[in-house]
Peer 1: 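This is the structure, below, for whatever I ask next.
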Amino acid sequence: MNKDKALEELFLAQKPHFDDNDAFMASLTKRLDAVEFIKQHQEAALHRYKMAMVVAFVAGIIGGAVGMVYLLSTPAQVPLFTFRTHLVLLQWFSENSRIIVATTLSLLMSLGIISIAANVKDIMDMRVRMQAER
């Protein structure tokens, strides 16, 4: 309670005076220009983020398509990789390499699409917040 009273007295004691109108206007103009520069910088950053998301999305789709085409174009009986060893676990990986690679590729593409969609949503939310601040 005492702090509130002290703050109120402090604010009441402050009496702003504007002796030099030209200096005040120059300072105000300088600050407004700085705010405008920051807004332009934020809009440019949002544009870069959007372009990066589009590039990542297109690169992911192309990479996934190339991987799937390669996976489907090779003979089904030939494993994608071999270890040339007699360890049971590595032989199992070699025999099931197509399924493992296809599943991994599908999961990575799904994860990429979900993360890009989440990033695009975040960028759109940032844009809405920026427009609301204006």
Side-chain angles (χ1 to χ4, degrees):
M1 189 74 165
N2 289 337
K3 285 186 178 184
D4 292 339
K5 193 70 167 169
L7 284 174
E8 183 180 346
E9 290 174 5
L10 181 67
F11 283 122
L12 289 175
Q14 294 294 323
K15 302 277 189 228
H17 32 33
F18 306 106
D19 295 335
D20 191 4
N21 197 19
D22 293 334
F24 173 74
M25 287 304 291
S27 172
L28 182 63
T29 304
K30 185 177 177 181
R31 288 180 181 173
L32 289 174
D33 289 343
V35 168
E36 186 64 30
F37 174 77
I38 290 172
K39 284 183 180 179
Q40 289 175 355
H41 179 71
Q42 286 179 338
E43 287 177 3
L46 281 175
H47 182 69
R48 284 193 306 269
Y49 294 153
K50 279 186 175 181
M51 292 307 292
M53 289 299 113
V54 169
V55 167
F57 183 74
V58 169
I61 294 296
I62 291 172
V66 167
M68 285 294 190
V69 166
Y70 172 73
L71 185 66
L72 296 173
S73 67
T74 56
Q77 293 78 17
V78 178
L80 293 176
F81 48 86
T82 57
F83 295 107
R84 298 201 171 136
T85 183
H86 297 294
L87 293 173
V88 176
L89 182 64
L90 293 179
Q91 284 181 346
W92 181 84
F93 273 119
S94 177
E95 292 169 1
N96 296 309
S97 62
R98 290 186 164 283
I99 296 170
I100 293 170
V101 169
T103 304
T104 305
L105 188 59
S106 298
L107 288 174
L108 287 175
M109 286 179 62
S110 300
L111 177 67
I113 290 172
I114 290 170
S115 65
I116 288 173
N119 287 338
V120 167
K121 182 185 177 301
D122 290 343
I123 290 170
M124 297 308 278
D125 290 343
M126 286 172 52
R127 175 161 287 209
V128 168
R129 282 195 309 265
M130 282 178 45
Q131 289 175 351
E133 290 174 357
R134 291 182 184 181

Peer 1: Under a 4.5 Å side-chain heavy-atom rule over Ile, Leu, Val, Met, Phe, Trp and Tyr, are Ile116 and Val55 clustered together?
Peer 2: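 Looking at the clustering, Val55 is in a separate group from Ile116.
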Peer 1: Ion pair present between Arg129 and Asp125, side-chain N to carboxylate O less than 4.0 angstrom?
Peer 2: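 Salt bridge absent between Arg129 and Asp125.
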Peer 1: Given 3.5 Å as the limit, does a donor-acceptor pair link the side chain of Ser73 with the main chain of Tyr70, or not?
Peer 2: yes
Peer 1: With side chain to side chain contact (heavy atoms under 4.5 Å, CB included) as the criterion, how do Lys50 and Met124 come out once you've worked through the C-alpha distance, each side chain's angles and the decisive distance to 0.1 Å?
Peer 2: CA-CA 9 Å; Lys50 279 186 175 181; Met124 297 308 278; 3.9 Å; yes
Peer 1: In the single-linkage hydrophobic clustering (I, L, V, M, F, W, Y; side-chain heavy atoms under 4.5 Å), do Val120 and Ile61 co-cluster?
Peer 2: yes
Peer 1: Decide if atom CG of Leu28 counts as having more than 12 heavy atoms of other residues, nucleotides or ligands within a radius under 6.0 Å.
Peer 2: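 Enclosed: over 12 neighbouring heavy atoms sit under 6.0 Å from CG of Leu28.
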Peer 1: Would you find a donor on one side and an acceptor on the other, under 3.5 Å apart, between the side chain of Thr29 and the backbone of Met25?
Peer 2: yes
Peer 1: Does the side chain of Ile100 come within less than 4.5 Å of Trp92's, by heavy atoms?
Peer 2: yes
Peer 1: Side chain of Ser115, backbone of Gly112: donor and acceptor closer than 3.5 Å?
Peer 2: yes
Peer 1: Under a 4.5 Å side-chain heavy-atom rule over Ile, Leu, Val, Met, Phe, Trp and Tyr, are Tyr49 and Ile113 clustered together?
Peer 2: yes
Peer 1: Measuring from Leu105:CG to Ser110:OG, what's the distance to the nearest 0.5 Å?
Peer 2: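 Rounded to the nearest 0.5 Å, the CG-OG separation comes to 9.5 Å.
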Peer 1: Counting C-beta onward and ignoring hydrogens, is there a side-chain heavy-atom pair between Phe93 and Leu89 closer than 4.5 Å?
Peer 2: yes
Peer 1: Looking at Gln91 and His86, what are the two nearest heavy atoms and their distance?
Peer 2: NE2-CA, 3.6 Å
Peer 1: Would you give the length of the straight line joining atom CG of Asp33 to atom CD1 of Ile38, rounded to the nearest 0.5 angstrom?
Peer 2: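 The CG atom of Asp33 sits 11.5 Å away from the CD1 atom of Ile38.
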Peer 1: Say you draw a straight line from NE2 of His47 to CD1 of Ile123; how long is it, rounded to the nearest 0.5 Å?
Peer 2: 11.5 Å
Peer 1: Report whether Leu107 and Leu111 are members of the same hydrophobic cluster (ILVMFWY, side-chain heavy atoms less than 4.5 Å apart, transitive linking).
Peer 2: no
Peer 1: Just how far is it from atom CG of Asn119 to atom CD1 of Ile114, taken to the nearest 0.5 Å?
Peer 2: 12.0 Å
